[in-house]
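Some notes on the structure that comes next.
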Amino acid sequence: MTTDTAAPVRSAQLSLRRILPPIVTGQEIVLLAVLVVLWVVLGIFTPAFLTPGSIGPLLVQVAPIALIGVGMTFVIITAGIDVSVAAMIMVSAVTTARMLVAFDIPAILAVLVAVVIGSALGALNGLLIAYGRVHPIIITFGTANLFQWLGLRVFDSSTVNGIPSTLEFFGRGGAGSTFGVPHSFAIAVLAVAAAWWFLRYAKAGRNLYAIGGNQNAARLAGIKVQPRLVWVYVITGALAGLAACMVIATGTATLDQSVGSGKELQVIAAVVIGGTSILGGRGSVVGTLLGAILVQTVVSGVTQLGWPTQLGFLFVGIFILIAVGTDLIRERTRRRA
Amino acid sequence: GCTSRNDPGQTAEPGATDGASTEDLTIAFVPKLQGIPYFEAMNTGGQQAAEELGFEWLYQGPTTADAAAQADIVRSFIQQGVDVLFVAPNDPNSMAPLLEEAQAAGIHVATTDTDAPDSVREVFVNQASVDGIGEALTDTLLEAMGGSGQYAIVSCGETAANLNAWIEVQEAYTASEYPDAEIVDIVYAGEDQAAATQMATDLMNSHPDLTGLVGECTSSAPGVAQAVEDAGRTGEVFTVGLGTPQSMLPYLESGSSSGSILWDVEALGYLTGWAGVQLATDGDLGDLSGVDNEALAEAEYDESTGVLLLGPPTVFTAENAGDYDY
Amino acid sequence: MTATTTITPPEQRRGQAARARDWFASGGLKDRATLLLGLIVLLLVVMGILDGVGLTSGQFNSDYLASTLIAYVPLALLALAELFVITSGRGGIDLSVGSMVSLTGIVFAMLYQQAGLPLAIAVVLAVLFGALLGAINGFLTAYLGYPALITTLATFYAYRSIALVVSEQRPISGPEISQFYNAAKAVELPVIGGTLPLVPLGVFTFLLPVAIVAWFVLNRTSYGRKLYAIGTNDTAAQWAGIDTRRTRMMAYVTAGAIAGLVGVYTVAQFASARPDAGTSGSGMALPAITIAVLGGVAITGGIGRLSGILLAALLIVWLNASILLVVPGNEGAQAQLLALGLVLLGASLLSNATIRRRQRGLSKPLSVPGTAAGSTR
Amino acid sequence: MTDTAQRTDPAPAPGPAPRLEMRDLSKRYGGVRAIRHADLTVQPGTVHALVGENGAGKSTLIKILSGAEHPDTGTISIDGTPVSIASTTDAIALGVQTVYQEPQLFPELTVAENFFVGREITRGPTIDWRAQAPRMLELLDTVGLDRSLASQPLGALSIAKQQQVSIAKALLEQASVLILDEPSAILTDAEIEVLFGVVRRLAADGVSIIYISHRLDELFRIADEVTIMRDGETVSSQPIGELTVREIAERMVGGAIAEGVHEAGEHGEQVLELEHLTLEGAFSDVSFSVRAGEVVGLYGLVGSGAAEVGEVVYGMRRATSGRMRAAGDDRHPATPAEAKRRGIRMVPANRTSQGSFSFQPIAFNITIGSLGLLGRFGWVSPKAERRIADDLIRRLAVKTPSGRQPIGAMSGGNAQKVVLARQIVEQPRLLVLAEPTQGVDVGAKEEIHRIIADLAERGAAVLVITTDLAEVQRIADRVLVFRSGRIAHEFPPTASQASLLAAAAGAEEHVEAPRLDTEEESR
Ligand SMILES: Nc1ncnc2c1ncn2[C@@H]1O[C@H](COP(=O)(O)OP(=O)(O)OP(=O)(O)O)[C@@H](O)[C@H]1O
Ligand SMILES: Nc1ncnc2c1ncn2[C@@H]1O[C@H](COP(=O)(O)OP(=O)(O)OP(=O)(O)O)[C@@H](O)[C@H]1O
Ligand SMILES: [Mg+2]
Ligand SMILES: [Mg+2]
């Protein structure tokens with residue numbers, strides 16, 4: 001290495017390229033490859049996997065997971081976790097659905113209601129985590145119970161029937177897609193793109209990695225750690241609210257209290273398959289999107305192959321191990337180098 | 001001492017109600033799960049019976065369809081010393097010992113909606129026979145499908161005993177009565193509507209010749225219809241299911257559902273309440289003459305099996321589904 | 001003043017004040033047990049008053065409290081399993097306990113009911129099988145370096161799926177298994193039993209032996225010391241010559257074995273083996289973790305006591321049982337969620353605040369990048 | 001009370017106000033009075049040394065100044081204006097920059113990013129790398145780091161380099177007060193030279209520097225004034241030239257310090273023997289031996305490879321080639337556990353991250369390495385534990401009210417004794433110590449040296465790996481100087497510091513080179 005003191009600026013530009021992590025991570029390439037292989041295999045062994053009629057609904061199913069996955073990626077990058085997302089979906093969905101039925105509010109308003117509710121719940125998480133200084137998993141276990149209670153109260157021992165098709169823009173049907181691209185998936189992709197840019201180039205985004213890498217040092221460096229943390233959980237809540245709209249739209253005209261259940265683990269699975277380190281400080285939203293698609297591909301693929309449905313989750317488990325395993329190995333070789 | 005279980009008269013006074021008034025009679029019902037229209041409608045029927053027959057009706061269900069949570073509630077009702085306890089067990093085997101405990105505490109025990117056959121229950125209030133449901137589902141679907149073709153079943157909880165029993169009947173009945181029809185797959189979506197919809201979509205894709213879908217429970221029945229509607233294949237793929245009338249109404253009207261097989265759930269709740277009174281007062285379960293409820297007209301009691309049957313299942317269509325408010 | 005005053009040997013006899021200071025200095029652990037005990041007493045008093053003025057729908061008495069212990073056994077046992085795993089540190093957690101319960105329950109029923117093995121052998125094999133499942137978790141986590149959350153999320157899905165596939169999603173039951181309910185049901189205690197409520201047998205056959213063994217393991221064996229050591233500081237444990245990987249792996253094996261035992265217990269409790277026994281609804285893992293945390297187990301490892309677990313589980317079981325007597329109808333079951341959430345949040349926020357006040361800035365392990373201790377969790 | 005140390009507060013200067021004036025500061029942590037009535041006055045453009053025993057209150061004072069802690073009482077003025085420092089951001093805004101003792105950095109981010117965390121130059125919401133890069137590269141040059149490191153993830157750098165990054169980072173913005181809390185503890189001498197150059201330049205530019213170090217001799221080369229703290233109080237403050245190392249040390253401990261003398265006795269059988277031992281990337285072809293009763297010092301600058309020799313001997317790492325015979329066995333120990341079984345023990349270099357179980361009691365910390373002594377069949381007897389712990393607490397004069405105190409609340413020197421105690425619960429056959437007194441105050445250092453000598457006299461073979469010249473001279477029977485992964489030279493303890501340093505730093509002619517050290521060296 002020659003130290004070119006004479007031309008610091010040029011030297012600066014030279015190293016600029018490598019100041020930020022590479023545009024695509026190894027994990028994303030691996031995931032993409034696995035996905036391509038899976039899709040080709042499924043395309044060969046099932047009659048109709050690679051048709052718009054099959055891929056479209058699959059992507060619709062992916063959308064809410066990927067969308068919340070964006071928020072969850074932020075959360076996990078800050079070395080946190082949020083196990084209350086399923087309960088947040090439930091509260092947002094039932095409240096919004098009830099308002100749709102009772103007041104026939106327009107779609108924009110419905111989305112607004114859902115997002116505001118999600119944000120409020122997320123803010124509670126964020127405030128307790130940032131200022132209570134209790135581990136996020138404990139706080140969100142606690143709030144998950146509270147939110148569930150809240151959701152059940154809103155359900156009031158009944159289902160919400162006759163939900164109008166106001167939100168069909170996000171739906172699985174014809175109104176839910178343009179040129180075969182489901183709107184909900186497109187929204188998820190947009191969110192991923194925005195988050196990718198944010199995490200890579202924006203000050204506030206880069207600071208999340210710092211917070212996750214060493215929270216104390218981040219505080220000493222003058223980063224306002226606590227407000228940042230609150231925002232991260234608020235964003236997750238807001239996205240859960242938006243996802244709730246998609247859940248309403250892709251569901252039937254009836255909403256019951258099982259809405260959202262199990263989604264928290266699905267989202268976390270997508271995020272960790274995507275290469276985000278559960279220890280914080282490292283992660284990518286593109287990986288999360290690919291992870292969400294992978295999980296849904298496996299589950300749908302098993303059904304389409306005619307195998308027992310339950311086997312799908314065995315494969316999901318195995319994929320989690322493989323995906324994170326390759327990441328671990330790569331990380332280890334990087335460290336050694 | 002530290003226990004009052006040896007004090008006489010501490011536990012409920014089941015004997016005190018002999019034949020006399022039903023004024024301070026308490027009848028409790030523990031559903032599999034609270035908050036779903038099906039059981040809430042049973043609750044409505046039970047309350048109606050309570051008003052008309054003059055007893056106290058208690059209803060409490062777990063927030064998840066979980067045998068353990070259900071057992072906690074049953075235990076609390078035993079403690080409350082109710083006179084009659086009805087349970088719709090999530091897991092029939094697991095409920096048996098608890099029912100025995102309840103009986104030992106002097107409580108009349110019975111099942112409704114789902115039986116616990118190897119238990120001490122005095123009566124099972126049955127909505128419809130297993131055969132009746134399985135056959136009605138099959139007949140309704142195959143009528144729409146024109147008597148032949150491939151169809152698939154989207155079931156719910158993998159371990160739900162009644163769903164699995166109905167599926168067995170459907171398989172046997174299809175094989176014997178509709179030789180040109182075939183069940184190509186059975187999948188399990190849990191209690192999740194969205195998963196049911198996605199699985200139905202996957203099934204339609206993987207079996208291009210599929211012309212029928214069955215939604216085996218109240219969450220998957222609308223789910224499969226929704227999938228057909230989303231795929232734009234209404235009129236090509238027919239669905240039936242066990243859905244509550246209100247949740248099925250939009251699909252029945254649009255034609256994506258050819259019929260919903262269920263029974264008058266409120267009447268089932270009413271019948272449950274009535275049976276409770278009979279148990280507590282040593283009344284005759286076979287004698288429904290005094291009942292002023294036409295929905296119970298076809299109810300009959302089988303002394304030998306201890307089953308009180310509501311009647312044949314009802315097929316809800318676009319015409320009659322609107323008459324029910326659950 | 002001379003320079004010789006610097007060294008004062010530790011006093012042999014220390015006053016009450018010093019003991020009290022130690023007691024506080026040892027962290028929020030004992031505090032947590034006291035807090036929980038206080039809450040239990042408070043609950044009993046409040047319920048007693050409510051019962052006295054007739055606001056409860058049933059008698060709130062010792063018989064009822066005793067009968068609810070049947071649900072206490074699996075909850076406390078699984079929380080104990082989490083204690084081992086979480087205390088082992090480095091983000092230790094086991095999301096798969098519920099799935100292991102389901103799967104070992106099925107395996108037990110197959111061995112006992114279908115293969116007709118003697119009860120004792122079937123139980124031992126089932127527990128060993130649970131240990132094997134735990135060993136898979138442990139191997140992946142301790143030897144291959146997977147974060148525990150990921151390992152056990154994966155095996156949560158995998159074990160659950162296997163349980164459903166091998167049982168063809170049907171519960172297994174039969175005469176032997178129905179008989180086996182006797183192992184869990186309430187019995188009259190010998191000798192003095194007449195004056196005491198009926199206590200579920202499972203408390204004595206399952207919980208008590210495990211709790212006693214666990215207490216000794218945690219407090220009186222070198223394995224216990226090693227477990228707390230790796231949980232407190234993995235790097236330092238390595239330097240101290242502890243086989244950290246084996247110690248950590250054993251924590252997961254223990255959790256698996258306990259989950260296996262709970263699998264057997266649930267078969268007894270429900271008189272049937274359900275392939276979704278530990279995973280239906282919200283599953284058994286999340287409540288178990290919640291109870292462990294409520295019992296004072298630090299999610300960051302190295303801190304956790306048996307007493308906290310036993311008290312926390314008791315508090316929750318009795319709280320739930322009380323709610324059912326006070327709040328009728330569907331609201332009752334819903335209020336259990338509210339209560340659990342509030343107790344968990346309240347207890348952890350409260351005790352965190354007191355710990356922080358007491359030992360603010362207690363030097364954290366230096367963050368050395370590239371080593372295990374560098375990870376902030 | 002007879003306080004022998006005279007309080008020589010500089011008289012209120014008639015001229016311009018001092019850069020920094022801290023008056024009557026107090027801070028309690030629960031029952032501990034970390035500092036009481038402490039004063040500190042720093043003039044512009046001076047280097048002000050802050051010294052004191054472990055736990056004297058230096059770091060606390062600094063944390064208050066940098067906004068990381070809030071004082072209970074007292075006032076702070078900068079350039080004559082009273083200020084209130086409520087957060088680290090406030091401090092930075094006032095021009096107070098701090099390099100903490102432990103680098104506060106982000107392992108997953110690149111070196112370049114680490115520079116600007118929290119004070120990025122932005123264009124809209126995005127970070128403007130083009131604007132940031134030149135300044136950063138310049139600062140890398142300033143502290144003598146290679147520019148190519150800018151794109152490395154920080155975690156891939158050695159700790160010493162990370163420390164340099166954190167110093168460079170503190171220079172990013174114009175500082176009026178720069179605080180360096182033991183910046184030299186993990187730097188090599190060459191790196192320290194660069195650091196001193198930077199410090200002098202900054203002082204010349206008018207920056208006031210507060211410099212904390214336990215290496216008293218180095219202070220004389222850099223500091224203008226010195227403030228001495230003892231038990232939370234500032235006992236004196238004056239130009240450093242008025243004092244000698246010895247006088248400073250005496251004031252720190254509040255009395256005279258004993259001169260530790262190590263007697264080289266008879267040495268027994270060979271306990272450790274290395275032949276052509278190599279660990280790729282760390283050291284190669286290392287051969288030497290240690291006998292029972294002998295203290296061998298491995299002296300080398302940070303990164304010389306000496307540290308890794310200890311790790312190999314203790315089984316923390318596997319050598320790539322070569323022969324090692326340790327405690328009568330030809331096999332390389334595969335794990336520390338195996339090494340332990342043979343009677344090999346090692347005290348790691350970092351007592352906090354490698355040595356302490358922070359919230360566990362002292363007794364736990366002492367006995368965790370010898371659980372076999374606490375009972376048979378894997379059993380542990382609390383009584384035996386207490387007995388062993390109390391015994392060692394007494395033997396090593398650990399300052400604690402009881403063995404039940406958590407180690408995390410102890411000062412550095414006491415924690416170090418506890419970590420040492422763990423490894424001598426059973427008399428080891430071979431004891432390896434890495435940096436046994438790093439960051440430990442003079443008094444505790446003395447005691448630890450005596451304990452080491454005592455162990456050797458009782459027949460242990462001792463290998464001391466250190467970057468502290470005075471230490472290796474004081475306690476070793478033989479000194480092996482490491483350079484670039486090889487043994488460069490062997491010296492008797494009587495060799496001058498200059499020779500050792502020259503050998504380690506790579507001078508061509510290292511035997512009895514002219515003394516590089518300051519004239520204060522009076523031992
Ligand atoms: N967070 C804290 N909680 C309780 N006591 C503390 C805390 N920080 C410091 N102390 C106490 O305050 C006293 C002064 O500590 P301080 O860190 O200022 O010492 P120091 O001079 O920096 O010592 P060292 O040379 O070891 O760094 C010590 O006795 C210590 O025990
Ligand atoms: N929670 C605490 N309770 C009591 N004392 C504490 C606590 N935390 C830190 N201390 C004391 O504060 C001192 C200084 O803390 P700090 O982290 O600055 O140590 P340090 O500067 O690394 O010590 P050294 O100079 O010996 O390396 C410690 O040596 C310790 O005695
Ligand atoms: Mg300090
Ligand atoms: Mg210090």
Side-chain angles (χ1 to χ4, degrees), chain C residues 1-12 14 18-19 21-27 216-217 219-226 228-233 235-243 246 298 302-303 355 357-371 373-375, chain D residues 1-4 29-31 69 102 105 107 154-157 159 162 253-257 316 335-337 339-340 346 348 350 352-361 364 367-369 371-372 374-375 378-382 390 393-394 397 399-406 408-409 422 443:
Chain C
M1 200 189 236
T2 56
T4 51
T5 57
T6 44
I7 302 156
T8 38
E11 299 161 35
Q12 299 300 326
R14 291 170 321 104
R19 281 173 169 276
R21 226 179 305 123
D22 276 8
W23 191 81
F24 275 114
S26 64
F216 273 101
V217 168
N219 295 293
R220 288 289 183 273
T221 66
S222 56
Y223 177 74
R225 293 297 152 104
K226 291 180 195 166
Y228 283 108
I230 64 168
T232 308
N233 185 345
T235 312
Q238 243 166 302
W239 278 97
I242 292 170
D243 188 340
R246 217 181 72 184
I303 299 178
I355 290 176
R357 212 176 321 120
R358 200 173 306 136
Q359 19 173 260
R360 188 165 336 159
L362 188 137
S363 31
K364 302 155 213 78
L366 170 70
S367 173
V368 181
T371 67
S375 52
Chain D
M1 281 290 278
T2 57
D3 196 348
T4 50
Y29 291 109
E69 292 280 5
E102 287 151 10
L105 299 169
L154 181 98
L157 269 56
I159 302 286
Q162 295 185 21
V253 299
I257 41 172
M316 285 294 287
T335 61
K340 256 170 51 178
M346 179 164 179
N350 188 315
T352 319
S353 73
Q354 299 170 327
S356 296
F357 301 96
S358 58
F359 42 77
Q360 303 293 353
F364 177 105
T367 55
I368 189 69
L371 293 169
L374 302 187
W379 221 239
V380 160
S381 141
D390 285 349
I393 289 172
R394 202 173 314 113
K399 287 176 227 168
T400 174
S402 95
R404 290 195 233 174
Q405 222 71 32
R422 178 185 309 151

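In what follows, every chain begins at residue 1, and chains take the letters A, B, ... in the order their sequences are listed.
- The parts of C:Tyr228 that come within reach of chain D are both its backbone and its side chain, each placing non-hydrogen atoms under 4.5 angstrom from that chain.
- When every heavy atom of C:Thr235 is checked against every heavy atom of D:Ser353, the shortest pair comes out as CB-O, 3.6 Å.
- Proximity to chain C is absent for every atom of D:Pro361, based on heavy atoms less than 4.5 angstrom apart.
- Contact of the D:Thr335 side chain with the C:Asp243 side chain is not registered, since no non-hydrogen atoms from C-beta on lie closer than 4.5 Å.
- Across every non-hydrogen atom of D:Pro336 and C:Gln238, the tightest pair is CG-O, 3.4 Å.
- Contacts between D:Ser356 and chain C at a heavy-atom distance below 4.5 Å involve the backbone alone (N, CA, C, O).
- Listed here is the closest heavy atom pair of C:Ala240 and D:Phe357: CB-CZ, 4.5 Å.
- Contact between C:Gly241 and D:Ala337 at its shortest, heavy atoms only, is O-CB, 3.3 Å.
- A donor-acceptor pair under 3.5 Å is absent between the side-chain atoms of D:Gln360 and the main chain of C:Arg225, judged by distance alone.
- Heavy-atom distances place the side chain of D:Phe364, and not its backbone, under 4.5 Å from chain C.
- Residue C:Ala229 comes nearest to D:Ile368 through the heavy atom pair CB-CD1, 3.7 Å, listed as atom of the first residue, atom of the second, then distance.
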